Amino acid sequence: MAPVATAFPPRERYWLHGLLFGLTLITASVVGTSMQMDFDRGVPFDAEHSFDMFLVFWRHPLELLHGLPFSLTLLTILLAHEFGHYLAALYHRVDASLPFFMPSPFMGTFGAFIRVRSAICSRQALFDIGISGPLAGFVFLLPALSIGLAFSKVIPGIGHQGSLEFGMPGLQWLMTRIIFPAVPGSDIYLHPVARAAWLGMLATAMNLLPIGQLDGGHIVYSFFPRHHRLVSTLVALAMLPLGYFTHWFGWFFWGVALLLIGRRHPLLYDETHLNGGRRKLGWLALVVFLLCFAYAPVSAGGL
């Protein structure tokens with residue numbers, strides 16, 4: 001998730017970072033245990049079933065060990081993303097917090113974010129801080145997806161049998177063509193490790209949207225500061241018909257929210273231009289976005 005700027009830097013609360021990470025590890029492991037059980041039985045993953053696992057956790061906490069492949073993979077990808085931002089901020093002498101994780105009973109986590117607690121004074125620093133997170137996360141999700149697909153299995157029609165259908169990003173489509181040639185995507189049952197990589201791709205694509213203070217918004221602002229608000233508005237507006245045609249409510253929600261409160265970016269008075277190396281990385285970020293993007297991330301089964 002993109003860094004969030006704050007006016008008054010608080011003292012670092014290591015206990016809070018550790019507590020939120022521990023809670024997220026638990027919630028992600030519970031969801032991962034439910035995923036692993038469904039995968040072993042060959043039945044589609046049911047989000048409601050994962051809620052029941054929270055009750056099982058209190059009686060049989062060791063059951064969470066089955067969910068570690070999913071949770072550790074997912075948290076590693078998110079940690080890489082956030083520490084990419086953090087280390088880039090450290091390099092440019094920008095004060096930033098350690099990552100704050102957000103636990104969730106649905107899919108294990110709502111993601112993570114860092115706080116930027118001092119001004120970013122140059123376009124180079126803004127670009128580096130914005131792009132470092134998605135690229136670092138991508139470096140980790142790529143092998144995770146490869147390993148997860150290798151452990152996945154073929155069950156005819158499994159993708160249409162559950163209450164939820166998950167979209168297929170471009171990277172997943174390319175890799176399934178290599179590992180499962182001639183097998184329809186709807187027949188491939190993703191191993192929990194591959195599902196963790198799928199969530200990493202979703203987080204990467206959403207953060208690379210060229211809007212406001214998302215990572216993609218920082219990148220666009222560092223290239224075209226005068227056109228940032230126009231680009232943000234057009235992309236947010238495009239989410240509304242996309243939500244209608246794909247039946248994913250998330251596009252409606254984020255489109256409206258970003259139109260109302262998410263298009264602005266702090267002013268940066270720096271007339272220098274990005275060098276050739278950073279411009280090439282900007283194109284690389286676009287490729288990563290396209291590979292991780294799914295036009296319908298989640299939809300109700302049967303639609």
Side-chain angles (χ1 to χ4, degrees), residues 1-2 31 44-51 102 104-111 113 134 137-138 141 145 157-174 176-177 184-190 194-221 224 227-265 285-303:
M1 184 173 292
V31 173
F45 170 68
D46 188 343
E48 295 181 359
H49 179 214
S50 66
F51 296 150
M102 296 179 288
S104 167
F106 182 73
M107 304 306 288
T109 178
F110 286 126
F113 66 94
F138 187 79
L141 73 83
L145 181 61
I158 189 67
H160 300 308
Q161 294 177 16
S163 58
L164 297 176
E165 292 186 17
F166 297 92
M168 182 178 292
L171 179 62
Q172 180 183 334
W173 183 87
L174 288 172
T176 54
R177 298 283 71 78
S186 59
D187 292 349
I188 300 173
Y189 194 167
L190 292 185
R195 183 59 65 198
W198 182 92
L199 287 169
M201 288 188 287
L202 176 62
T204 299
M206 295 299 291
N207 277 290
L208 280 175
L209 288 170
I211 301 176
Q213 295 190 61
L214 296 175
D215 297 335
H218 289 320
I219 295 170
V220 168
Y221 190 94
F224 315 107
H227 303 295
H228 172 272
R229 188 173 179 84
L230 175 62
V231 172
S232 295
T233 301
L234 292 176
V235 174
L237 285 173
M239 290 183 180
L240 303 181
L242 186 60
Y244 173 79
F245 288 111
T246 64
H247 304 284
W248 188 49
F249 176 77
W251 291 127
F252 286 116
F253 175 80
W254 288 113
V256 172
L258 291 168
L259 279 172
L260 294 177
I261 62 174
R263 292 177 295 157
R264 294 185 177 182
H265 194 284
L286 177 60
V287 172
V288 169
F289 169 74
L290 294 175
L291 287 174
C292 293
F293 181 79
Y295 68 92
V298 182
S299 61
L303 289 178

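Atoms considered below: every heavy atom in the structure, side chains included; atoms not considered: hydrogens, waters and symmetry mates. Along the sequence shown, residues are numbered consecutively beginning with 1. It should be emphasised that the depicted structure is a prediction, and the values quoted were computed from it without experimental measurement.
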| request: Report the distance from atom CE of M168 to atom OG1 of T176, rounding to the nearest 0.5 Å. | output: 4.5 Å
| Is R264 atom CZ crowded by more than 12 heavy atoms from other residues, nucleotides or ligands, each under 6.0 Å away? | no
| From N207, L209, T204, D215, residue fulfilling side chain to side chain contact (heavy atoms under 4.5 Å, CB included) relative to F289 | L209
| task | Locate the shortest heavy-atom distance separating P169 from C292; write the atom from each residue and the value. | result | CB-O, 3.5 Å
| request: Run the numbers on V220 and H227 for side chain to side chain contact (heavy atoms under 4.5 Å, CB included), then give the verdict. | output: CA-CA 8 Å; V220 168; H227 303 295; over 6 Å; no
| query | So which heavy atom on P210 is nearest to which on V231, and how close? | reply | O-CG1, 3.7 Å
| How about F45 and W198: are their ring centres within less than 6.0 Å of each other? | no
| message | To the closest 0.5 Å, what do you measure between OH (Y244) and CZ (F252)? | response | 8.5 Å
| message | Can you classify the ring geometry of W248 versus W251 as parallel (below 30°), tilted (30 to 60°) or perpendicular (above 60°)? | response | perpendicular
| query | Does the side chain of I211 come within less than 4.5 Å of L214's, by heavy atoms? | reply | yes
| task | Can you see which heavy atom on G212 is nearest to which on S232, and at what distance? | result | N-OG, 3.1 Å
| field | Taking every non-hydrogen atom, the tightest pair across G167 and A294 | value | C-CB, 4.4 Å
| How long is the span from the CG atom in L202 to the CZ atom in F166, to the nearest 0.5 Å? | 10.0 Å
| query | What distance separates H228 NE2 from Q213 CD, expressed to the nearest 0.5 Å? | reply | 8.0 Å
| said: For H160 versus S186, what's the shortest heavy-atom pair and its separation? | reply: NE2-CB, 3.4 Å
| Would you call L240 and L259 a side-chain contact if the rule is heavy atoms closer than 4.5 Å? | yes
| Inter-residue atom distance L234.CG - R229.CZ, 0.5 Å rounding | 12.0 Å
| query | How far apart are the closest heavy atoms of M239 and L258, and which atoms are they? | reply | CE-CD1, 3.9 Å
| Pairwise side-chain contact, L171 with M201, heavy-atom cut-off 4.5 Å (strictly under) | yes
| task | Report yes if some heavy atom in the side chain of F293 is under 4.5 Å from a heavy atom in the side chain of L208; otherwise report no. | result | no
| said: Let me confirm one number: the CD1-CG distance from I219 to L286, rounded to the nearest 0.5 Å. | reply: 9.5 Å
